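Written below as C-alpha cells is the structure these notes are about.
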Amino acid sequence: MIKHWFMAAVAAVAAWAPAEAAEWMTDFEAAKAKAAQENKAVLVDFTGSDWCHFCNVLRRRVLDTPAFEEYGADKFVYLEVDLPRTIRLPEKLLAQNNAMVKQYEVGGFPTVLLLDEKGHALGGFTGGLTRLPDVVKSLEPAWQVHCLLKAAEIEPARRAEHLAAAYALYPDSHRKHNGWLQQLLEEADPQNESGWHATRAAEKQMQQLQVELQDYVMSRHAVVACYDRYLEQALPGNRPRILALKSRYLNGVSAIMLRRARTVEDVLASRALQLQAAECVENPTEREELIRRIHEAYAHPESLLPKKGDYVPR
C-alpha cells in the first residue's frame with residue numbers, strides 16, 4: 001500500500017491535478033494538535049524567507065505547487081519555521097522558531113522534517129531540492145515510519161511487529177532521535193519476539209564506528225583501516241552503510257588532493273583514491289563501469305593540474 005502511495009505521488013508530476021492551496025501554519029503546538037485530530041504527520045519547512053535562495057526555490061518549484069499539495073493533502077499538516085534576517089517576527093514566534101532549530105539540530109537551510117503529532121522527528125532532508133519526485137523520495141522513508149506507527153495504534157495485536165518494522169525503516173540520519181521508539185518497543189516487546197534487538201545492535205555498531213573515527217580524523221590510513229575493521233565484523237544491514245561511508249570519505253579526500261595537486265604524481269594519487277572508493281561498490285557491473293569512467297576522466301592527468309593563478313584552497 002505504501003508503494004502505491006509513492007507511485008501515485010510521482011505520477012502526479014505529470015497530472016498536476018488542481019488542489020486547494022496548502023495552509024502553512026506557524027504555531028508548533030497548534031500544528032501538532034491539528035495533526036493528531038486529522039491523523040496526519042507534520043511537515044516542517046525550516047526556511048529563511050528573505051535571504052535563503054534555495055529555500056524559496058524549494059517552495060516555489062515543489063512545496064507550493066498543486067502537484068505537491070495533491071500528494072500531501074491527506075498526509076500532512078504544514079508548518080513553516082522561518083528565520084528571516086530583515087523581517088521582524090513577533091517575539092514569541094521568533095523564540096519558538098529558534099528553539100525548534102536547536103531542538104531538531106537543524107544545520108542548514110532549507111531543512112524539511114516530518115514529525116509525528118507528538119513532535120518526534122521521523123526523517124526528512126536538507127538542501128534545496130527542485131523536483132517533486134526527489135522530494136517525495138526523500139520524505140518517503142519518514143512517511144513509511146509514520147504509517148507503521150499508526151498501524152501499531154490501530155492493531156494492538158500486531159503492535160510490536162509494526163513498531164519493529166518502523167524501527168528498522170527509521171532513516172539513518174535521524175536514528176539518534178529515536179530513543180522514544182526504543183522505549184515503546186521495550187514496553188511492547190520485552191522478550192524481543194519481533195527480533196528488533198538485532199536492529200538495535202546494528203545501530204549501536206554504527207554509533208560506535210562514528211565515535212572511533214573521531215580519534216583518527218587526522219590520519220587517512222587510520223580512518224580507512226577503521227572502516228575495513230568494521231566491515232569485517234559488520235552486523236546485518238551495516239555493510240552497505242559502512243561501504244557508503246568509506247566511499248564518501250575516499251572521494252572527498254581525492255577531491256581535496258586533486259584541487260591541491262602540483263605534479264602528475266599528485267593527480268595519480270587522487271585517482272588511486274577514487275579507484276579505492278570504487279571498490280566499495282558491491283555490484284560488479286556498476287563497479288566496472290565506475291572504474292572505467294575514472295580511468296577515462298584521468299586519461300590525461302597533466303590536464304587536471306591547476307593552471308597558474310587558479311585559487312587553491314588551503
Side-chain angles (χ1 to χ4, degrees), residues 21-64 68-69 71-73 75-130 134-147 149-150 166-167 169-184 207:
E23 175 193 1
W24 284 93
M25 305 176 69
T26 57
D27 186 315
F28 187 27
E29 294 302 320
K32 288 189 291 183
K34 184 176 181 181
Q37 181 180 13
E38 299 181 3
N39 200 29
K40 295 179 180 178
V42 182
L43 186 142
V44 188
D45 178 26
F46 290 88
T47 183
S49 61
D50 64 350
W51 60 270
C52 176
H53 170 71
F54 290 107
C55 297
N56 294 323
V57 170
L58 173 63
R59 286 290 288 268
R60 184 174 68 252
R61 295 188 181 180
V62 181
L63 299 185
D64 286 340
F68 186 79
E69 290 161 10
Y71 161 67
K75 299 177 178 66
F76 307 138
V77 168
Y78 298 92
L79 177 69
E80 179 182 77
V81 178
D82 192 11
L83 270 299
R85 292 178 177 172
T86 58
I87 300 173
R88 188 176 181 86
L89 296 181
E91 186 174 336
K92 183 178 179 181
L93 179 59
L94 181 60
Q96 171 202 269
N97 291 358
N98 280 320
M100 290 187 67
V101 168
K102 183 177 181 180
Q103 176 182 351
Y104 294 104
E105 300 180 7
V106 175
F109 285 58
T111 287
V112 174
L113 295 181
L114 211 61
L115 314 179
D116 69 5
E117 69 274 12
K118 296 179 180 178
H120 298 131
L122 307 180
F125 63 90
T126 296
L129 301 181
T130 60
D134 296 332
V135 171
V136 171
K137 182 179 179 180
S138 297
L139 293 175
E140 186 62 13
W143 175 245
Q144 290 185 27
V145 171
H146 181 267
C147 292
L149 293 174
K150 289 300 179 184
Y167 194 86
L169 285 173
Y170 217 88
D172 288 346
S173 57
H174 287 78
R175 283 191 173 273
K176 62 182 178 180
H177 300 295
N178 69 2
W180 59 274
L181 184 50
Q182 294 174 33
Q183 182 62 39
L184 290 179
Q207 293 170 346

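Source: prediction; values computed, not measured. For reference, positions follow the sequence shown, starting with 1.
Residue Val42 is tested with Leu113, Leu115, Leu114 for a side chain to side chain contact (heavy atoms under 4.5 Å, CB included); the sole match is Leu115.
Listed here is the closest heavy atom pair of Ala166 and Leu181: C-CD2, 4.2 Å. Nearest heavy atoms, Pro171 versus Pro141: CG-CB, 4.1 Å. In this structure, Lys34 and Val77 approach most closely via the heavy-atom pair CG-CG2, 3.9 Å. Closest heavy-atom contact between Ser138 and Leu129: OG-CD1, 3.5 Å. Across every non-hydrogen atom of His174 and Ala121, the tightest pair is CD2-CB, 4.0 Å.
Summarising the geometry, atom CG belonging to Leu139 is positioned 5.5 Å from atom CZ belonging to Phe68; distances are rounded to the nearest 0.5 Å. How far CG of Asn39 is from NZ of Lys150: 4.5 Å, rounded to the nearest 0.5 Å. Residue Leu122 holds its CG atom at 11.5 Å from CG of Leu169, rounded to the nearest 0.5 Å. One finds the CD atom of Glu117 at 8.5 Å from the CG atom of Leu149 (value rounded to the nearest 0.5 Å). Note that the CZ atom of Phe28 and the CG atom of Leu93 stand 13.0 Å from one another [nearest 0.5 Å]. Atom SG of Cys55 is separated from atom CD of Glu80 by 9.5 Å, given to the nearest 0.5 angstrom.
At least one donor-acceptor pair under 3.5 Å links the side chain of Asp82 to the backbone N or O of Ser49. Side chain of Lys40 to backbone of Ala73: a donor-acceptor contact under 3.5 angstrom is found. The main-chain N or O of Thr26 is found under 3.5 Å from a side-chain atom of Gln96 such that the two form a donor-acceptor pair.
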Item to check | Tyr167/Tyr170 under ring-ring contact (aromatic ring centres under 6.0 Å, His included): CA gap, chis, key distance, verdict | outcome: CA-CA 5 Å; Tyr167 194 86; Tyr170 217 88; 7.2 Å; no
Checklist entry - Do Asn97 and Leu89 pass the side-chain contact (heavy atoms from CB on, under 4.5 Å) test, and can you show the C-alpha distance, the side-chain angles, and the key distance before you say yes or no? => result CA-CA 10 Å; Asn97 291 358; Leu89 296 181; 3.9 Å; yes
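In this structure the side chain of Leu94 reaches within 4.5 angstrom of the side chain of Leu83, judged on heavy atoms. In this structure, Val135 and Leu58 have side chains that are in contact, with non-hydrogen atoms separated by less than 4.5 Å. The shortest side-chain heavy-atom distance between Asp50 and Arg85 falls under the 4.5 Å cut-off. Leu63 is listed as a side-chain neighbour of Asp45, based on a closest heavy-atom distance under 4.5 Å. His146 has its side chain out of reach of Lys75: every pair of non-hydrogen atoms, C-beta onward, lies at least 4.5 Å apart. Residues Phe46 and Met100 form a side-chain contact, since some pair of their non-hydrogen atoms from C-beta on lies under 4.5 Å apart. Between Trp24 and Leu43 there is a side-chain heavy-atom pair separated by less than 4.5 Å.
Note: Trp180 and His120 have parallel aromatic rings, judged against thresholds of 30 and 60 degrees for the angle between ring planes. Using cut-offs of 30° and 60° for the angle between ring planes, the Phe76 and Tyr78 rings count as perpendicular.
We find that Asp134 and Lys137 are not joined by a salt bridge, their nearest charged nitrogen and carboxylate oxygen being 4.0 Å or further apart.
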